[in-house]
Amino acid sequence: MNALKPKGNFVRDIIDEDLRAGKNQGRVQTRFPPEPNGYLHIGHAKSICLNFGLAADYNGNCNLRFDDTNPETEEVDYVRSIKEDIRWLGFDWEEREFYASDYFEKLYAFAEDLVRKGLAYVCDLSAEEVTEHRGTLTKPGKESPYRNRPIEENLGLFRRMRAGEFPDGSKTLRAKIDMAHPNLLMRDPILYRIRRAHHYRRGDAWCIYATYDWAHGQSDSIEGITHSICTLEFEVHRPLYDWFLVNLGIHRPQQIEFARLNLSHAVLSKRKLLELVRDKYVSGWDDPRMPTISGLRRRGFTPSSIRRFCDEVGVAKANSIVDMALLEHCIREELNKIAPRAMAVLRPLKVVILNYPEGQVEDLECVNNPEDAAMGTRKVPFSREIYIERDDFLENPPKKFFRLSPGREVRLRYAYFITCVEVKKDSATGEIAEIHCTYDPATRGGDSPDGRSPKATVHWVSAAHAVPGEVRLYDTLFTKRDPGEVEEGADWKSNLNPKSLEVLRDSKLEPFLKKAEPGDQFQFERLGYFSVDLKNSSADRPVFNRTVTLRDTWARITKAGKENE
RNA sequence: UGGGGCGUCGCCAAGCGGUAAGGCAGCGGACUUUGGAUCCGCUAUUCGGGGGUUCGAAUCCUCCCGCCCCAGCCA
């Protein structure tokens, strides 16, 4: 199912053209360069699929490179999770696991080279002064008074910076470009800052750290990257990326920018995701409501469904927000084919079948997957008292409600036709306590000899055999399609969906579900796809996460009805 | 505002001078022991707007409009 021929896109056009022109001796080398300061999310998946996919299609390689030049936010656990997620998605960087922090020495040497060429200088301006000197969008900047220091002095100062002779923030190494350049990034950008922070890999070996602009392009060059693919916001960095490489006289990869993924009703920025985790709006990076790879995994998404989604989304340069419905479609499509069916009653309502012999139990044969006969059948116990979904009974049914109601007959899936004869209510609350029905013994298995067919088929679980379990229902984390769209003075978190999680602690599961293992996936008939929670499920108390609902035309009808009120 | 990008159906997205692919969503209908799945059909005379070039333009030129990115010693 992944044999789809790759969709064309502008990045491929560029590569095709380069190949035609004989660039890079026909080599294609890409890289995925995460910063280990957070967990990967579905936006990263798009980049991973693009970079690894391109490499595979063009017979090249894709490196994994941790862009770890900022010791203040990076951690080993993030490295661990990133590797786990990429592997889980189905990609392999083989032995090409690189770290910008392994290039620190080389990057430093490149910097000295630039100094020697008179193209970089040590600047004593403070952070605030640097900002002032930068000018604005419309006003050119002012040159730093330290800009014309002699080369030897710069060299000496830079070495002393590295040696730790100056306090944090007191000096920077800057490229000498053009303080009046219309592109602010070209106004003598900073290459190194002094920061005595413990680096998770280099420890305290360094007290000066390269900035992104200085580290990224040169790292790409060191690795022989041919096509350095990044997101749109780096478009303005490209002139600088090229300037460094050209002036250093080293291999120059081609930077190509594409539009990052945005998902409706979700937030896809590490800063915001971190805030949700840190301030406990969710249970962690892997909360099933999170758009992180680990969250999606725990929710029940499969690697192939995510890859498929990334394929469907395409690669272009226009900012866009992809509908969550597409992601849901991708997982439904896959699970429909592979998930075994089961019956589970989420919100139980007891049904007593008056004319069914007390104490009798029948094992009825149920199909495991109508989409795949090879998956066979199983036996499910049926008895006098069963549970059905509360939503499947209505005392006063509206027009298009086909399910059970007083006097009406419905089919119990793979079992019998039953007719509701009485509704028992709790005398105190008035709530429906249980309903009484009669069954037609001639309809065993769900077919009637006289050919009549009820309008509805409902699922059920035998009360005596039911396995109690917990079911967690999820809705989008945000109520707005674009969570960033807020009222004056409000914060994006004001769009958090208070109903994004609903926990059902008294669900009744079909017996064999007791044996389900963490990660196992099922379709609960008529409800949706569910997977056993990776963390909180146990044999004596299974916990299921709803991955996605089934398409539900009845829900659409009721929803439309409400909207018209 | 200076610079850099982008604007094709509700949401994505092909298209690269020869007369608007596809997917998702939606809407009909068929079928159905999941109101599921499947199947069939419908949905842009029009490509942000105006003007121009051309036999012919979403594709070229031009002006205008709208949106995004850049003033971190973050990436």
Side-chain angles (χ1 to χ4, degrees), chain A residues 7-9 13 33-35 37 67-70 72-73 123 125-127 130-132 134-141 168-169 171-174 181-187 189-195 208-209 211-213 215-216 230-239 257 259 261 264 270-271 311-330 332-333 336-337 341 343 366-367 370-371 400-403 411-415 417 443 445-448 453-459 481 523-528 549-557:
Chain A
K7 279 164 90 170
N9 60 51
D13 292 345
E35 185 192 8
N37 67 346
D67 213 348
D68 52 358
T69 56
N70 181 2
E72 283 162 342
T73 56
C123 180
L125 254 26
S126 68
V130 167
T131 302
E132 277 169 41
R134 187 152 31 223
T136 68
L137 296 178
T138 48
K139 281 192 286 287
D168 283 9
K171 285 180 169 40
T172 55
L173 182 74
R174 298 227 255 162
H181 199 109
N183 179 344
L184 305 224
L185 286 159
M186 298 297 270
R187 321 243 261 226
I190 287 165
L191 275 46
Y192 279 93
R193 66 276 207 186
I194 305 175
R195 191 74 73 243
I208 58 172
Y209 289 95
T211 54
Y212 164 84
D213 285 307
H216 204 92
C230 59
T231 45
L232 252 28
E233 64 270 28
F234 292 101
E235 210 150 21
V236 288
H237 291 245
R238 185 162 17 108
E257 313 83 11
L261 172 70
S264 76
K270 278 203 246 180
R271 195 208 102 223
D311 255 15
E312 294 292 333
V313 159
V315 179
K317 295 195 69 160
N319 294 321
S320 61
I321 302 177
V322 175
D323 236 280
M324 184 71 81
L326 215 212
L327 217 207
E328 295 183 339
H329 165 262
C330 292
R332 277 195 195 102
E333 185 179 56
N336 175 48
K337 292 179 198 130
R341 313 284 118 130
M343 290 199 282
C366 301
V367 174
E371 302 292 316
K400 292 180 187 157
F401 184 86
F402 305 147
R403 285 108 94 148
R411 169 166 41 231
L412 292 177
R413 176 135 241 229
Y414 299 125
F417 292 0
T443 58
D447 282 309
S448 86
S453 184
K455 282 279 263 185
T457 298
V458 305
H459 57 97
R481 167 182 164 72
Q523 182 198 100
F524 287 174
E525 295 221 23
R526 302 205 309 133
L527 299 174
T549 61
L550 247 31
R551 286 181 85 240
D552 187 345
T553 58
W554 171 243
R556 282 212 298 277
I557 292 168

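A, B, ... follow the sequence lines: proteins, then strands. Residue 1 opens every chain.
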Can you see if the side chain of Arg556(A) gets near the phosphate of G26(B) - specifically, an N or O under 4.0 Å from OP1 or OP2? yes
Between Glu235(A) and Lys317(A), does the salt bridge (Lys or Arg N to Asp or Glu O under 4.0 Å) criterion hold? Intermediate values first, please. CA-CA 11 Å; Glu235(A) 210 150 21; Lys317(A) 295 195 69 160; 2.4 Å; yes
Is Arg193(A) near enough to C74(B) that one of its side-chain N or O atoms lies under 4.0 angstrom from OP1 or OP2? yes
I want to check one thing: is the phosphate of C73(B), taken as OP1 and OP2, less than 4.0 Å away from some side-chain N or O of Ser126(A)? no
Tell me whether the side-chain N/O atoms of Thr73(A) come closer than 4.0 Å to OP1 or OP2 in C74(B). no
Looking at every strand, decide which applies to Leu412(A) at a 4.0 Å heavy-atom threshold: base, sugar-phosphate, or nothing. nothing
With sequence neighbours excluded, residues passing side chain to side chain contact (heavy atoms under 4.5 Å, CB included) with Pro239(A): Asn183(A), Met186(A)
Can you name the residues that form a side chain to side chain contact (heavy atoms under 4.5 Å, CB included) with Pro370(A), not counting sequence neighbours? Arg341(A), Val367(A)
Counterpart base for G22(B), defined by Watson-Crick or G-U wobble contacts under 3.5 Å: C12(B)
At under 4.0 Å, does any side-chain N or O of Arg332(A) touch on OP1 or OP2 of U34(B)? no
Between Ala415(A) and Ala318(A), which residue's closest nucleotide on RNA chain B lies nearer the 5′ terminus? Ala318(A)
Can you check each nucleotide of nucleotides 64-70 of chain B against protein heavy atoms at under 4.0 Å and return B for base, S for sugar-phosphate only, - for none, in 5' to 3' order? ----SSB
Taking atom P of U34(B) as reference, at what distance in whole Å does atom CZ of Arg341(A) sit? 11 Å
Searching all strands shown, indicate the nucleotide that pairs with A44(B) (Watson-Crick or G-U wobble; both distances under 3.5 Å). none
Establish whether the base of U34(B) is bridged to the side chain of Gln523(A) by a donor-acceptor pair shorter than 3.5 Å. yes
Residue set satisfying side chain to side chain contact (heavy atoms under 4.5 Å, CB included) with Leu550(A), at least two apart, ordered chain then number -> Gln523(A), Tyr529(A)
If you find the nucleotide of RNA chain B closest to Ser453(A) and the one closest to Val315(A), which residue's nucleotide is nearer the 5' end? Val315(A)
Under 4.0 Å, counting only non-hydrogen atoms across every strand here, what does Arg134(A) touch: a base, just sugar-phosphate, or nothing? sugar-phosphate
Once side-chain hydrogen bond (donor to acceptor under 3.5 Å, both in side chains) is applied, do any residues pair with Ser320(A), and if so which ones, sequence neighbours excluded? none
Could you list all N or O pairs between the protein and nucleotides 20-24 of chain B that sit under 3.5 Å apart?
unit_1 : atom_1 : unit_2    : atom_2 : d
G23(B) : O2'    : Glu312(A) : OE1    : 3.1
C24(B) : OP1    : His329(A) : NE2    : 3.2

Phosphate OP1/OP2 of G4(B): any Arg238(A) side-chain N/O under 4.0 Å: no
